Amino acid sequence: MRSLIRQAAKPMARNTFVKRNISSSLASHSDAIFVHRDTPNNNVNTPFEFNAENQKRIQEVLKKYPEQYKKGAIMPLLDLGQRQNGFTSISVMNEVARLLEVPPMRVYEVATFYTMYNRQPVGKYFLQLCTTTPCQLGGCGSTKILNTIKENLGIQVGETTKDGKFTLVEVECAGACVNAPVMAINDDYYEDLTPETTDKLLDNLKADKPITPGPQSGRHTCEYAPGVYTTLNDEPYGPGFRVRADL
């Protein structure tokens with residue numbers, strides 16, 4: 001009797017398991033590679049040494065750290081090396097490790113973690129366009145700015161122009177959401193962008209003409225734009241507002 005019950009239960013047990021399809025979203029590929037690959041201009045045999053001016057800067061930087069903690073200077077020294085060399089090559093990292101007396105791997109860990117260190121050569125003008133949600137929604141939207149740059153320069157994200165002047169990358173939040181859309185060009189921010197002002201910036205850079213950082217809309221820093229609604233319609237109250245005079 002028990003065997004009959006077990007036999008009858010087997011098909012039922014098999015049928016109780018419902019086939020499930022597992023799906024996932026498409027993988028997002030980075031435009032950068034975070035492992036080292038030797039190239040003619042980026043290998044351990046490529047010489048690098050800090051120039052006299054940067055050696056003086058290094059000594060000033062090291063004064064900020066106790067002798068046993070000078071490894072804390074990895075980031076500022078990598079920045080100096082990148083500015084001198086044009087990018088953070090393997091030779092730059094090895095020289096920083098030698099100066100700070102740390103294993104090279106400690107420097108590699110930092111250089112591969114922070115996106116501020118360019119592991120491959122970039123153009124004279126390094127364009128970092130923010131395409132995070134606030135910049136996609138702010139103003140005309142970063143998508144229009146991205147398309148404008150692509151059309152103007154004839155390159156895609158992660159590429160450098162043939163003349164070596166421009167490199168374009170997308171970045172996550174630049175921290176200037178109130179001035180969206182925003183793009184960093186080298187060390188400066190260019191904000192409140194429109195396709196027209198973006199084209200003007202790029203055309204001036206092509207001619208090596210100076211450009212003015214900050215909002216391109218004419219407003220001052222992140223103050224409300226002239227004629228645009230704001231809750232700040234009167235002079236702000238000064239210190240001590242509504243505080244008892246006898247305090």
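Just so it is clear, the structure is predicted and the values come from calculations on it, not from any experiment.
The OG1 atom of Thr88 lies 10.5 Å from the CZ atom of Arg83; values are rounded to the nearest 0.5 Å. Rounding to the nearest 0.5 angstrom, the gap separating the CD1 atom in Ile74 from the CD atom in Glu109 is 8.5 Å. Note that CG of Leu146 is 10.0 Å distant from CD of Gln136, once rounded to the nearest 0.5 Å. Once rounded to the nearest 0.5 Å, the distance linking OG1 of Thr197 with CG of Asp192 reads 8.5 Å. With values rounded to the nearest 0.5 angstrom, Asp199 atom CG is found 8.0 Å from Lys206 atom NZ. One finds the SG atom of Cys135 at 11.0 Å from the CE atom of Met183 (value rounded to the nearest 0.5 Å).
Cys173 is not listed as a side-chain neighbour of Pro134, based on a closest heavy-atom distance of 4.5 Å or more. At a threshold of 4.5 Å between non-hydrogen side-chain atoms, the residues Ser91 and Val44 do not count as touching. Two residues are said to be in side-chain contact when any heavy atoms from C-beta on lie closer than 4.5 Å; Asn179 and Arg219 meet this criterion. Leu168 is not listed as a side-chain neighbour of Glu159, based on a closest heavy-atom distance of 4.5 Å or more. Two residues are said to be in side-chain contact when any heavy atoms from C-beta on lie closer than 4.5 Å; Thr148 and Leu193 fail this criterion.
A distance-only check finds a donor-acceptor pair linking the side chain of Gln55 to the backbone of Phe50 [under 3.5 Å]. Side-chain N or O atoms of Asp79 include none that pairs as donor or acceptor with a backbone N or O of Met75 at under 3.5 Å. A side-chain donor-acceptor contact under 3.5 Å links Gln82 to the backbone of Met116. A donor-acceptor contact shorter than 3.5 Å links the side chain of Ser89 to the backbone of Val92. Without hydrogens or angle criteria, Asn54 side chain to Gly81 main chain gives no donor-acceptor distance under 3.5 Å. At distances below 3.5 Å, at least one donor-acceptor pair connects side-chain atoms of Asn42 with backbone N or O atoms of Ile90. At least one donor-acceptor pair closer than 3.5 Å links the side chain of Gln84 to the backbone N or O of Glu49. Checked by atom type and distance alone, the side chain of Gln216 pairs as donor or acceptor with a backbone atom of Gly214 at under 3.5 Å.
Closest non-hydrogen pair, Lys165 versus Ala207, comes out as NZ-N, 4.5 Å. Across all non-hydrogen atoms, the minimal contact from Val157 to Val169 is CG1-CA, 4.1 Å. The two residues Pro40 and Asn43 have their closest heavy-atom pair at O-ND2, 3.3 Å. When all heavy atoms are compared, the tightest approach of Pro76 to Gly72 is CD-O, 4.2 Å. Listed here is the closest heavy atom pair of Pro195 and Ile145: N-CD1, 3.8 Å. The minimum heavy-atom distance linking Ala111 with Arg119 is given by the pair O-CD, 3.9 Å.
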Could you give me the CA-CA distance, side-chain angles and deciding distance for Asn152 and Thr198, then say whether side-chain contact (heavy atoms from CB on, under 4.5 Å) is met? CA-CA 9 Å; Asn152 188 297; Thr198 301; over 6 Å; no

Verdict with reasoning, Tyr114 to Leu78, per side-chain contact (heavy atoms from CB on, under 4.5 Å): CA-CA 11 Å; Tyr114 292 100; Leu78 281 176; over 6 Å; no

Just do the side-chain contact (heavy atoms from CB on, under 4.5 Å) check on Arg106 and Leu100 with the steps written out, would you? CA-CA 10 Å; Arg106 291 289 178 260; Leu100 299 180; over 6 Å; no

List the steps, then state whether side-chain contact (heavy atoms from CB on, under 4.5 Å) holds for Asn41 with Thr46. CA-CA 7 Å; Asn41 62 349; Thr46 305; 5.8 Å; no

Can Asn94 and Tyr108 be said to form a side-chain hydrogen bond (donor to acceptor under 3.5 Å, both in side chains), step by step? CA-CA 9 Å; Asn94 288 340; Tyr108 303 160; 2.5 Å; yes

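If you chain together ILVMFWY residues whose side-chain heavy atoms come under 4.5 Å of each other, Tyr237 ends up grouped with Phe241. Grouped by direct or indirect side-chain proximity (heavy atoms under 4.5 Å, Ile/Leu/Val/Met/Phe/Trp/Tyr only), Tyr69 sits alone. Other residues sharing a hydrophobic cluster with Val182 under the 4.5 Å side-chain heavy-atom criterion for ILVMFWY residues are Tyr189.
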Please report, to 0.1 Å, the donor-acceptor pairs under 3.5 Å made by any side chain of residues 123-131, with sequence neighbours excluded.
unit_1	atom_1	unit_2	atom_2	d
Lys124	NZ	Asp208	OD1	3.2
Tyr125	OH	Asp208	OD1	2.8
Thr131	OG1	Glu170	OE1	2.7

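Crowding of Lys144 atom NZ: a count of heavy atoms from other residues, nucleotides or ligands under 6.0 Å not exceeding 12.
The ring pair (Phe, Tyr, Trp, His ring centres under 6.0 Å) check on Tyr65 picks up nothing, with sequence neighbours excluded. In this structure, Phe87 has no ring pair (Phe, Tyr, Trp, His ring centres under 6.0 Å) partners at least two apart in sequence or on a different chain.
A salt bridge is defined here as a Lys NZ or Arg NE, NH1 or NH2 lying under 4.0 Å from an Asp or Glu carboxylate O, and Arg244 with Asp246 meets this definition.
Under the side-chain hydrogen bond (donor to acceptor under 3.5 Å, both in side chains) rule, Glu60 has a single partner from Lys64, Arg57, Lys56, Lys63, which is Lys63.
The hydrophobic cluster containing Val178 does not contain Val171, counting ILVMFWY residues as joined when their side-chain heavy atoms lie under 4.5 angstrom apart, directly or transitively.
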